[in-house]
Amino acid sequence: MDTARAMLVSAADLTNGVAGEPLLGEGGAVSRPMVVVDLDAGVPLIERAVEQAALADRILVGRATRKIPAEVRPLIDALDLTYAPVAQSRGVVETPDPDASIAAFAEAVAANPQAALVARQVVRASETLAVPEAIDVESLAYSTLQGGPEFAAWLAGRGPRPLPPPSDEPVLIARDGDLLHITLNRSERRNAYGTVLRDALVDALRLATLDDSIERVVLDGAGSSFCAGGDLDEFGRTPDITLAHFVRTRGGAGRLVAQLAGRIEVRLHGHCIGAGIEIPAFAGRVVATPDTVFRLPEVSMGLIPGAGGTVSIPRRIGRWRSLHLFVTAAPLDVSRALDWGLVDEIRSM
């Protein structure tokens, strides 16, 4: 284990409060943002270990190379995630090589420690909140990170980008009896979730919230992918991050999809990146084609998911596996997405 990136401790060390050392070092810099807890040696005083895990400010990652005893389950739930060969609960990310997976996670945390820590704070804080309030928490944290050095570094590395071209019909709407069919229609940009498409989608979804005769809503996307995530050409262009917060929370699609959850089915295909899965995950039913791949790259940009993903995705797959996806930006294939509950059905369409 690379101790420069993550401190390896035993469960006994955790019980003794080793993870509770001050998070901030000299000059306010984050010191050791991640602690790995070795679960192979057993967990003495399990209640005390759970208590210490709840108090920790660092990201706590469990490590197990064999089957985890049932009595350790409360600690698995208290940690931020655990890598192990067998997924015995939603708190575990199954992997044939826990050490390699932990090393990859630690590398991602080291690259953007502030964003990773904020992602951890947000998914924990929003667990017990209603959807609108949890979206507010996500957006406030997102705004905080927009002003931070990690996002600034990503913007500088990206370089200047031209604004995306206009679109005449970013969203198509068709009504058939009690069915409203909404199609994202910027296939030339893989339906990137930019301002124009977002506003058109919100208008379409509001139709369903205002018209009780619409009993079913189907949302899909034209072209090769349902949605390739936020339009990167627009990132960093908002001069007023306070206004951007209100746009995300009061002018975004996530709250409306959550409101329509019992009536809406989202049909996914191709690459579903960032907002391309954050918004669909609010729906009552999510169907994906066999070629669908998911990825959440925001932490690698110095941010967190900002279209509702820290709310919608944990409610489907748990905060533990969600944090794994957020921090690592690792692709998730559709079979594992079905196994975890991120999608409800795999179907050719």
Side-chain angles (χ1 to χ4, degrees), residues 130-140 142-143 146 163-175 179-223 225-235 237-238 240-268 272-286 298 305-313 315:
V131 166
E133 288 79 8
I135 289 176
D136 286 346
V137 169
E138 173 189 279
S139 182
L140 291 167
Y142 188 97
S143 293
Q146 277 187 306
L163 281 171
S167 176
D168 293 333
E169 289 187 286
V171 167
L172 303 177
I173 303 173
R175 178 76 185 263
L179 171 66
L180 181 69
H181 192 161
I182 304 170
T183 300
L184 308 183
N185 190 43
R186 298 199 74 192
S187 57
E188 75 282 0
R189 297 187 69 82
R190 294 195 301 167
N191 298 319
Y193 191 66
T195 302
V196 172
L197 186 142
R198 180 200 65 214
D199 291 347
L201 175 59
V202 166
D203 287 343
L205 292 169
R206 281 181 177 148
L207 290 176
T209 66
L210 297 172
D211 187 346
D212 291 338
S213 69
I214 297 175
E215 297 181 4
R216 295 180 298 141
V217 179
V218 170
L219 172 62
D220 59 14
S225 294
F226 170 77
C227 175
D231 197 323
L232 297 186
D233 289 350
E234 295 184 7
F235 272 47
R237 293 182 179 273
T238 304
D240 185 342
I241 61 176
T242 305
L243 175 60
H245 161 68
F246 287 109
V247 171
R248 279 192 301 272
T249 58
R250 301 310 186 269
R255 283 180 26 146
L256 292 171
V257 174
Q259 186 179 339
L260 293 166
R263 290 191 276 161
I264 189 167
E265 176 181 297
V266 184
R267 298 173 180 173
L268 306 178
C272 298
I273 312 299
I277 182 55
E278 296 176 53
I279 294 168
F282 281 115
R285 184 161 185 80
V286 179
E298 292 87 354
T310 66
V311 184
S312 61
I313 293 172
R315 278 161 168 73

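Everything quoted here is computed from the prediction, not taken from an experiment.
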_Under 3.5 Å donor-acceptor, Arg216 side chain and Arg263 backbone_ = no

*Hey, could you give me the CG/CG distance between Leu260 and Leu207, rounded to the nearest 0.5 Å?*
10.5 Å

*Does a side chain donor of either His245 or Ser143 reach within less than 3.5 Å of an acceptor in the other side chain?*
no

*Gap between atom OG1 of Thr209 and atom CZ of Arg255 - 0.5 Å precision*: 11.5 Å

*For Ala208 against Val217, the heavy-atom pair lying closest together*: CB-CG2, 3.7 Å

_Side chains of Val196 and Pro170 in contact at under 4.5 Å (non-hydrogen atoms)_ = yes

*Identify the heavy atoms of Ala204 and Ile173 that sit nearest to each other, and give their distance.*
CB-CD1, 3.6 Å

_Please give me the minimum heavy-atom distance between Gln146 and Ile241, naming the atom from each residue._
OE1-CG2, 3.5 Å

*Does a donor on one side chain sit under 3.5 Å from an acceptor on the other, for Arg315 and Thr310?*
no

*Would you check if the side chain of Ser312 reaches a backbone N or O of Gly308 as a donor-acceptor pair within less than 3.5 Å?*
yes

_Any donor-acceptor N/O pair, Asn191 side chain to Gly221 backbone, under 3.5 Å_ = no

*So, do Leu184 and Phe226 sit near enough that their side-chain heavy atoms are less than 4.5 Å apart?*
yes

*Verify whether one side chain among Asp211 and Ser213 offers a donor that lies under 3.5 Å from an acceptor in the other.*
yes

_Name the residue from Val171, Ile279, Val247 that meets the side-chain contact (heavy atoms from CB on, under 4.5 Å) definition with Arg198._
Val247

*Could you list the residues that satisfy side-chain hydrogen bond (donor to acceptor under 3.5 Å, both in side chains) with Asp136, not counting sequence neighbours?*
Arg250

*Side chain of Thr183, backbone of Ala222: donor and acceptor closer than 3.5 Å?*
no

*How far does CD of Glu138 sit from CD of Glu133, to the nearest 0.5 angstrom?*
13.5 Å

*Pro280 to Leu268 - nearest heavy-atom pair and separation*: CG-CD2, 3.8 Å

_For the SG atom of Cys227 and the CZ atom of Arg186, what is their distance to the nearest 0.5 Å?_
11.0 Å

*Give a yes or no on whether the backbone of Val218 and the side-chain of Glu265 come within a donor-acceptor separation of less than 3.5 Å.*
no

*If you round to the nearest 0.5 Å, how far is CD of Glu215 from CG of Leu179?*
10.5 Å

_Asp220/His181 under side chain to side chain contact (heavy atoms under 4.5 Å, CB included): CA gap, chis, key distance, verdict_ = CA-CA 8 Å; Asp220 59 14; His181 192 161; 2.8 Å; yes

*Are any side-chain N or O atoms of Gln259 and backbone N or O atoms of Leu256, one a donor and one an acceptor, separated by less than 3.5 Å?*
no

*Least distance between heavy atoms, Glu278 atom then Gly306 atom*: OE1-N, 3.4 Å

_Nearest 0.5 Å, please: how far is CG in Leu180 from CD1 in Ile214?_
4.5 Å

*Any side-chain heavy atom of Phe282 sitting closer than 4.5 Å to one from Ile264?*
no

*Can you name the nearest heavy-atom pair linking Ala228 to Ile273, along with the distance?*
O-CB, 3.5 Å

